[in-house]
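We count ligands from 1, going down the list as the structure has it; atoms in each ligand are counted the same way.
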Amino acid sequence: MRKEGEPQFGPIATHLTRPVHTRDTYCADAPRTAAYDCSVPLSDAPAIDPAQAVTASAATTSPADAAADREVAVEVRGLVKRYDGRAVVDGLDLVARPGAVTAVLGPNGAGKTTTIECCEGLRSPDGGTVRVLGRDPVADARALRPRVGVMLQDGGLPTGVRALELLRHVAAMYAAPRSVDELAERLGLHGFARTTVRRLSGGQRQRVALAAAVVGRPDVVFLDEPSAGMDPQSRRAVWDLVRELRADGVAIVLTTHLMDEAADLADHVHIVDHGRLIASGSVRELTDGDTGPGTVRIEATPGLDLTGLLTTLGPNPSWAAAEPEPGVYTVTGPVDAAALADVTAWLADRGVLARSVTTGRRTLEDVFLDLTGRNLR
Ligand SMILES: Nc1ncnc2c1ncn2[C@@H]1O[C@H](COP(=O)(O)OP(=O)(O)OP(=O)(O)O)[C@@H](O)[C@H]1O
C-alpha cells in the first residue's frame, strides 16, 4: 500500500492493471501531481485486452449496495486528516447524492482538496469514515475504480503524451466507454489533439483532464476546480457536460472558487472552513437565510460614510451596510419599497448620483464572505 508522501498513482493510473505509459519518458513528481507512471513509451505498451477492461457492471454490486448507492453516493462522517500533527480536516461531514451536483466551497487551505482526496482513496483518513458507493475508497479501491471518475486540481496528467492519444488510451480501459470523438468534440479537444500535454495551456489541460475523468461512464465524479483557468466558452461546455452527467444520475462532487459556478450548478452546497463544515444547504436555503433578508446593492463614488444610512433606515437591528469593494455598497435587511426610497433619498441628500441601485437576495458570495470573513488566507 502507498505510504503518505510517496509518489502515488492517481485517477487514471488507478484504473489500470498496469501503469499508463507515454511516448516521452516523464516521472511522477510530488504526490499531488503524480497521476501516472513514466517508464515505457506508449507505443511499447502492450495492447489492452477489451475482455479485461473494466465496467461499472463488472464491479461487484450486491442488491443491498445498489439500494444504498441510490440514496447516498458519497458519505463522509467526522473526517480527520492531519499533517505534522495539525488537523487540516477536522471532523468534517459531507454527503453527495446520485443525480445531483454537490459543491464544496471554502477559502484557500480550508481542506477541500484533502477531503476530496480522501474520497478518491488518494489519502488515508486519520479519523472518521469515508464511503463512496457504500465502500471504503482505500480498502475497496479496486472495486471502486471503474465507477469513480477523478479530475485532480492540477489535471494530474502525464505531460509527455498527446492529448487525444491519452484520452483514447484511458477509454480503452473500459468495456463501454463514451465515444472519445464525441467527448473531444464537446470539449473542443480536436484543435490540440496531437499536442503533448506539457504544451497545452492550463485551460486546455483542464478540458483533457475532465474528458479523462468522465470517459469511463462513472457513477461518481470528483472534480477539483474543474473550470479553473478556462475561458467562458470552455466553462459553458464544462457546465453543460456536468448538467448532462447529473441528468444521467451521476453524483458529481466539485470544488470551486467561482461562486457563480456553484450557484448555477449545485443542488447542494457545503461550505468548509478550517477543515470543518460551517454551512450546508441548497443555494436558495443558504442565500435566503432564516429571515430571507434582501439586499440593496449600490455602485457609486467610493468612501461614503454609511453610519447615517443605518439611522435613516430606522431602528430595525437587522440592517447592515458595508462597502465590500471601493464604490460598491451592500445594504442588507428587510428591504421593501419604503426602504429602497430611503436609500435613494439618502444618496440624493449627499448629492450622489449612483451608477446603479439594484435590489435582490444575498448572493452566494455574500453568504460565503459573511461566513468565512473577508481577510486573506
Ligand atoms: N501533503 C501535505 N503535507 C502538509 N500539509 C499539507 C499537505 N497537503 C495539504 N496540506 C495543507 O493542508 C491544508 C489544506 O489544504 P487543501 O489543499 O486541502 O486546501 P483547499 O481547501 O483545497 O485549498 P485551495 O482552495 O487553495 O485549493 C493547507 O494548509 C495545506 O497547506
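Below 3.5 Å of separation, one finds an N or O of A110 facing an N or O of ligand 1. Annotation: G106 places no N or O atom under 3.5 Å from an N or O atom of ligand 1; distance criterion only. For a threshold of 3.5 Å applied to N or O pairs, the pair formed by N108 and ligand 1 contains at least one separation below that value. Any N or O atom pair closer than 3.5 Å counts here, and T113 shares at least one such pair with ligand 1.
Between the side chains of T255 and D224, at least one donor-acceptor pair of N or O atoms lies under 3.5 Å.
Under the side-chain contact (heavy atoms from CB on, under 4.5 Å) test applied with I116, the options V253, L223, L254, L152 reduce to a single match, V253.
R207 contributes a side-chain N or O that, together with a main-chain N or O of G188, makes up a donor-acceptor pair within less than 3.5 Å. Between the side chain of Y329 and the main chain of L304, a donor-acceptor pair closer than 3.5 Å is present.
Scanning I116, D273, T114 for the heavy atom closest to atom 18 (O) of ligand 1 points to T114. Ranked by closest heavy atom to atom 27 (O) of ligand 1, the top entry among R123, Q153, H274 is Q153.
For ligand 1, the atoms lying closer than 4.0 Å to a non-hydrogen atom of G111 are 14 (C), 18 (O), 19 (O), 20 (P), 21 (O).
Residue pairs that meet the salt bridge (charged side-chain N to carboxylate O under 4.0 Å, His left out) test with at least one member in residues 296-311, sequence neighbours left out, are R297-E299.
The pair D264-R235 does not count as a salt bridge, with every side-chain nitrogen at least 4.0 angstrom from each carboxylate oxygen. One finds a salt bridge joining D267 and R246 here, because a Lys/Arg side-chain nitrogen approaches an Asp/Glu carboxylate oxygen to under 4.0 Å.
At a heavy-atom cutoff of 4.0 Å, ligand 1 is contacted by no atom of E117, backbone or side chain.
Residue contacts with ligand 1 include P107, since one of its heavy atoms falls under 4.0 Å from the ligand. Look at H257 and you'll find a heavy atom under 4.0 Å from some atom of ligand 1.
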